[in-house]
Peer 1: 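One structure is given below, represented as structure tokens, and several questions about it will come after.
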Amino acid sequence: AVHRGTGTVYDLQADDELPASTARSFLYKINPANGRATFVGFDSEYADGLAIDNAGRAFATDFRISCSLFRVNLSDGRLSRIGSLGLNQENCTGFDSGAGFHDSSGTLYALREDGTIYTVNTSTGRATFKAVIKKGGVRVPGDLEGLDVRD
């Protein structure tokens, strides 16, 4: 995710195989000139879909374990739970995700790895189904994570 105000690139990595009592989400700054990553910090919560709005506020989604939306502190990598995505267990267990903001509307979109797209309320965490990615009428195979939303 790019912080539009500073031009800083961030990456949030998560590992669901680590115990909940240890670090499971890891935030990095990436130098776009050379691709070098610098570790910023970690949190014991799991989240992997990172997006930064035009005001510089960072959010992360979790469709794998807690089914939640988090605020991300870009200074230390700490996560603060905003709320549940409000999805049933079948729609919110075991999926990696990507996230991105629509620049002009400020809407947060989340992409579940199976190609399902949601909008997410940044105040409550509530997700709303929007679409499924298809090509030629056939659902695209899974393992999708990156998301960039353009005007």
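What's counted below: heavy atoms across the whole structure, side chains too, no hydrogens, waters or symmetry copies. For clarity, every value in this text was computed on a predicted model and none was experimentally measured.
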Peer 1: Where do Leu74 and Gly56 come nearest, in terms of heavy atoms and distance?
Peer 2: CD1-O, 4.0 Å

Peer 1: Using 0.5 Å steps for rounding, measure from the CG atom of Leu50 to the CZ atom of Phe70.
Peer 2: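 With rounding to 0.5 Å, CG (Leu50) is 13.0 Å from CZ (Phe70).
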
Peer 1: As an exercise, state the distance from OH of Tyr109 to NZ of Lys130, rounded to the nearest 0.5 Å.
Peer 2: 6.5 Å

Peer 1: In Å, rounded to the nearest 0.5 Å, how long is the span from CG of Asp11 to OG1 of Thr38?
Peer 2: 12.0 Å

Peer 1: With hydrophobic residues grouped by side-chain heavy-atom distances under 4.5 Å, do Phe63 and Tyr46 end up in a single group?
Peer 2: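 No.
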
Peer 1: Could you report the tightest heavy-atom contact between Ala47 and Ser25, atom names first, then the distance?
Peer 2: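 Taking Ala47 first and Ser25 second, the nearest heavy atoms are N-OG, 2.9 Å.
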
Peer 1: Who passes ring pair (Phe, Tyr, Trp, His ring centres under 6.0 Å) against Phe129, sequence neighbours left out?
Peer 2: none

Peer 1: Minimum heavy-atom separation for Ala99 and Leu108, please, with both atom names.
Peer 2: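 Scanning both residues completely, I find the closest heavy atoms to be CB-CD1, 4.1 Å.
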
Peer 1: Any side-chain heavy-atom pair from Phe101 and Asn54 closer than 4.5 angstrom?
Peer 2: no

Peer 1: Quick one, Leu85 and Leu69 - any side-chain contact, counting heavy atoms below 4.5 Å?
Peer 2: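 Yes - at least one pair of side-chain heavy atoms lies under 4.5 Å apart.
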
Peer 1: Could you check Leu111, Leu87, Asp114 and say which one makes a side-chain contact (heavy atoms from CB on, under 4.5 Å) with Phe95?
Peer 2: Asp114

Peer 1: Return the CG to CZ distance between Asp62 and Arg81, rounded to the nearest 0.5 Å.
Peer 2: 9.5 Å

Peer 1: Are any of the side-chain heavy atoms of Lys29 and His3 separated by less than 4.5 Å?
Peer 2: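 Contact flag for Lys29/His3 side chains = no.
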
Peer 1: How far does CG of Asp76 sit from CG of Leu79, to the nearest 0.5 angstrom?
Peer 2: 9.5 Å

Peer 1: Flag the pair Asp48 / Leu12 as yes when at least one side-chain heavy-atom distance between them is below 4.5 Å, and no otherwise.
Peer 2: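 With C-beta onward as the side chain, the pair stays apart.
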
Peer 1: Please report, to 0.1 Å, the donor-acceptor pairs under 3.5 Å made by any side chain of residues 118-125, with sequence neighbours excluded.
Peer 2:
residue : atom : partner : partner atom : Å
Tyr118  : OH   : Arg112  : NH1          : 3.1
Asn121  : OD1  : Ser123  : N            : 2.7
Asn121  : OD1  : Thr124  : N            : 3.0
Thr124  : OG1  : Arg126  : N            : 3.2

Peer 1: To the nearest 0.5 Å, what is the distance between CD (Gln13) and CZ (Phe42)?
Peer 2: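 The CZ atom of Phe42 is 16.0 Å from CD of Gln13, to the nearest 0.5 Å.
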
Peer 1: Salt bridge check, Arg24 against Asp16: does any charged N sit closer than 4.0 Å to a carboxylate O?
Peer 2: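 No, this pair does not count.
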
Peer 1: Check whether any side-chain heavy atom of Ile52 lies under 4.5 Å from a side-chain heavy atom of Arg4, and answer yes or no.
Peer 2: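 Not touching, per the 4.5 Å side-chain cut-off.
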
Peer 1: Under 3.5 Å, side chain of Asp43 to main-chain N/O of Gly77, donor-acceptor pair present?
Peer 2: no

